[in-house]
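First the structure, in the form of structure tokens, and then the observations on it.
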Amino acid sequence: MSSSYGKQFKVTLFGESHGVGIGCVLDGFPAGFRPDFDALKAFMARRAPGSTPGSTARREADTPEIISGIFDGHTTGSPITALIRNADHHSSDYADLAAVPRPGHADFTLAVKTGGANDVRGGGHSSGRLTAGLCFAGGLAMQYLESRGIHVASRIASIGGRDVEDETDAAGLDATARETIENARSEGDSVGGVVECTVTGFPAGYGDPMFDGVENRFAAILFGIPAVKGVEFGSGFAGTALRGSQNNDPFYFDDEGKVRTRTNNHGGALGGITSGMPIVFRVAIKPTPSIAKPQQSVNLRTGEPCELVVKGRHDACIVPRARPVVEAAAAIASLDLLLAPK
Ligand SMILES: Cc1cc2nc3c(=O)[nH]c(=O)nc-3n(C[C@H](O)[C@H](O)[C@H](O)COP(=O)(O)O)c2cc1C
């Protein structure tokens, strides 16, 4: 099993939800960069539990201990290791899951793959908690990208199938979205949503045709985020309803003589290679699998069907917390792409 991503900038995630801690090892981060640690902490806080409506009651400070790779306030070019210790976990909530897998979670598939050797506590290595390490890596990458004029931003496009209006709160939600989440929560249920992310300022000419293209690389890390079930670039699936004449993006020279496109249905990549237009993609995040409502499952020990009531603390909607994770993934993919030989 591998939990590593990237070539020039390689990110490895480690840990389990209820073990000693979680974190990341980053290989290839440029030397001599001075991170803004307060900004990094603020970025990671957007993902932390308890930060958004409908979020799990688990409280974690998510403070990274930097074990290696940063000296005297700057990166050294050697591997950067960050450890985030686990504090607030209730492993007894998960005692039954070894025998009775949660529908929609990775309990069943991991048990089959590992012959039952997986850490079932809190989803183990498949827990959403692992994304704290991803946010450390992505937050750092984002700061470096900004120093090169490349910016990553996102918005919540929809919650529970309803579009989110432009006027949003700090979590990226509007009143209707908050109500949708609260209704699901009060019924012991959950909802999903769509996050739209944009990388602006990325120069043209990066990425490779066929199997190592911009979309391939972004999709590989985005599908590594637990609960991500779909990714589309530019006009995506909606583009299939357009004519070529509508979906093609006309070229023109801007004031600086650079080739640009009037529209961006291609989402910043043509033939797997960046066009210089913003890289735009949308990510489908499914409803949180762990819900309070009773569900049908099976007992793998007794071979009997059974009803499962999931204990523990879970978000009724993980989309607001997944949003910075999507930004982090985009920043990691962008940095890896930027550092690759052209
Ligand atoms: C930030 C974040 C938090 C998550 N929190 C939970 C949670 O509290 N309960 C839960 O059942 N799933 C949670 N998930 C989703 C599961 O980890 C995920 O659905 C599961 O590992 C199965 O993987 P898959 O949905 O990608 O197939 C979270 C995901 C993210 C990104």
Side-chain angles (χ1 to χ4, degrees), residues 1 3 13 15-18 22 43-60 62 84 86 88-91 93-94 96-97 100-114 118-139 154 156 171-172 181 184-185 188-195 197 219-231 283-293 295 297 308-330 332:
M1 288 200 276
S3 298
L13 300 184
E16 286 85 25
S17 182
H18 292 197
I22 54 152
F43 177 67
M44 291 180 71
R46 286 175 52 205
R47 188 224 67 93
S51 56
T52 55
S55 151
T56 167
R58 181 170 174 173
R59 294 286 173 271
E60 293 281 6
D62 276 2
I84 302 159
N86 294 326
D88 181 19
H89 54 74
H90 294 190
S91 297
D93 287 342
Y94 295 90
D96 300 338
L97 297 178
V100 182
R102 283 170 293 177
H105 217 292
D107 308 327
F108 170 66
T109 49
L110 260 181
V112 174
K113 184 173 174 63
T114 63
N118 57 311
D119 181 347
V120 293
R121 301 167 304 164
H125 189 64
S126 294
S127 165
R129 179 149 176 72
L130 270 285
T131 59
L134 200 71
C135 281
F136 177 91
S154 74
I156 296 176
I181 296 171
R185 196 197 58 74
D189 220 326
S190 63
V191 284
V194 174
V195 173
C197 187
I221 190 163
L222 290 166
F223 279 117
I225 302 172
V228 167
K229 288 293 174 185
V231 178
V283 178
I285 296 163
K286 75 183 193 183
T288 323
S290 299
I291 52 174
K293 268 192 174 165
Q295 301 175 81
S297 187
L308 173 70
V309 176
V310 178
K311 295 183 208 142
R313 300 156 293 172
H314 301 278
D315 293 1
C317 180
I318 58 173
V319 177
R321 291 183 57 215
R323 188 180 156 207
V325 184
V326 169
E327 292 173 22
I332 293 165

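Order of appearance sets the numbers: ligands from 1, and atoms from 1 within every ligand. Counting begins at 1 with the first residue of the sequence.
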> To the nearest 0.5 Å, how far apart are OG in Ser17 and CZ in Arg129?
Replying inline: 6.5 Å
>> List ligand 1 atoms under 4.0 Å from Ala227, heavy atoms only on the residue side.
In response: 15 (C), 18 (C), 19 (O), 24 (P), 25 (O), 26 (O)
>> Nearest non-hydrogen contact with atom 3 (C) of ligand 1 belongs to which option: Ile285, Val325, Ile318?
In response: Ile318
> For ligand 1, which part of Asp315 has a heavy atom less than 4.0 Å away: the side chain, the backbone, both, or neither?
Replying inline: backbone
> Can you check side-chain contact (heavy atoms from CB on, under 4.5 Å) on Val194 and Ile285, steps first, answer last?
Replying inline: CA-CA 6 Å; Val194 174; Ile285 296 163; over 6 Å; no
> Between the candidates Pro226, Pro289, Gly104, which shows the shortest non-hydrogen contact distance to atom 22 (C) of ligand 1?
Replying inline: Gly104
> Would you find a donor on one side and an acceptor on the other, under 3.5 Å apart, between the side chain of Lys286 and the backbone of Gly104?
Replying inline: yes
>> Residue-level breakdown please: for Arg129 versus ligand 1, do any non-hydrogen atoms fall below 4.0 Å on the side chain, on the backbone, on both, or on neither?
In response: neither
> Stepwise, does the side-chain contact (heavy atoms from CB on, under 4.5 Å) test hold for Asp119 with His125?
Replying inline: CA-CA 7 Å; Asp119 181 347; His125 189 64; over 6 Å; no
> Which ligand 1 atoms does Lys229 reach within 4.0 Å, using its non-hydrogen atoms?
Replying inline: 24 (P), 25 (O), 27 (O)
> Heavy atoms only: which of His105, Arg102, His314 is nearest to atom 7 (C) of ligand 1?
Replying inline: His314
> Considering residues at least two apart in sequence or located in another chain, which fulfil the side-chain hydrogen bond (donor to acceptor under 3.5 Å, both in side chains) criterion with Thr131?
Replying inline: Arg47
> Hey, is ligand 1 close enough to Lys286 that some N/O pair sits below 3.5 Å?
Replying inline: yes
> Is there a nitrogen or oxygen of Ser127 sitting under 3.5 Å from a nitrogen or oxygen of ligand 1?
Replying inline: no
>> Show me which atoms of ligand 1 lie under 4.0 Å from any heavy atom of Ile225.
In response: 31 (C)
> Atoms of ligand 1 less than 4.0 Å from Thr131 heavy atoms?
Replying inline: 1 (C)
>> To the nearest 0.5 Å, what is the distance between CD1 on Ile22 and CG on Leu134?
In response: 10.0 Å
>> Under the criterion side-chain hydrogen bond (donor to acceptor under 3.5 Å, both in side chains), I'd like the reasoning laid out for Arg102 against Ser290: C-alpha separation, chi angles, the key distance, then a yes or no.
In response: CA-CA 7 Å; Arg102 283 170 293 177; Ser290 299; 2.8 Å; yes
>> Run the side-chain contact (heavy atoms from CB on, under 4.5 Å) test on Val100 and Ser297 for me, step by step, so that the C-alpha distance in whole Å, both residues' side-chain angles and the decisive distance to 0.1 Å come before the verdict.
In response: CA-CA 7 Å; Val100 182; Ser297 187; 3.5 Å; yes
> Can you find an N or O of Ser126 that's nearer than 3.5 Å to an N or O of ligand 1?
Replying inline: yes
> Under 3.5 Å, N or O to N or O, is Ser290 touching ligand 1 that way?
Replying inline: yes
> Who pairs with Lys113 by salt bridge (Lys or Arg N to Asp or Glu O under 4.0 Å), at least two apart in sequence or on another chain?
Replying inline: none
>> Quick check on contacts: which atoms of ligand 1 are under 4.0 angstrom from a heavy atom of Gly128?
In response: 2 (C), 3 (C), 4 (C), 17 (O), 28 (C), 29 (C), 30 (C)
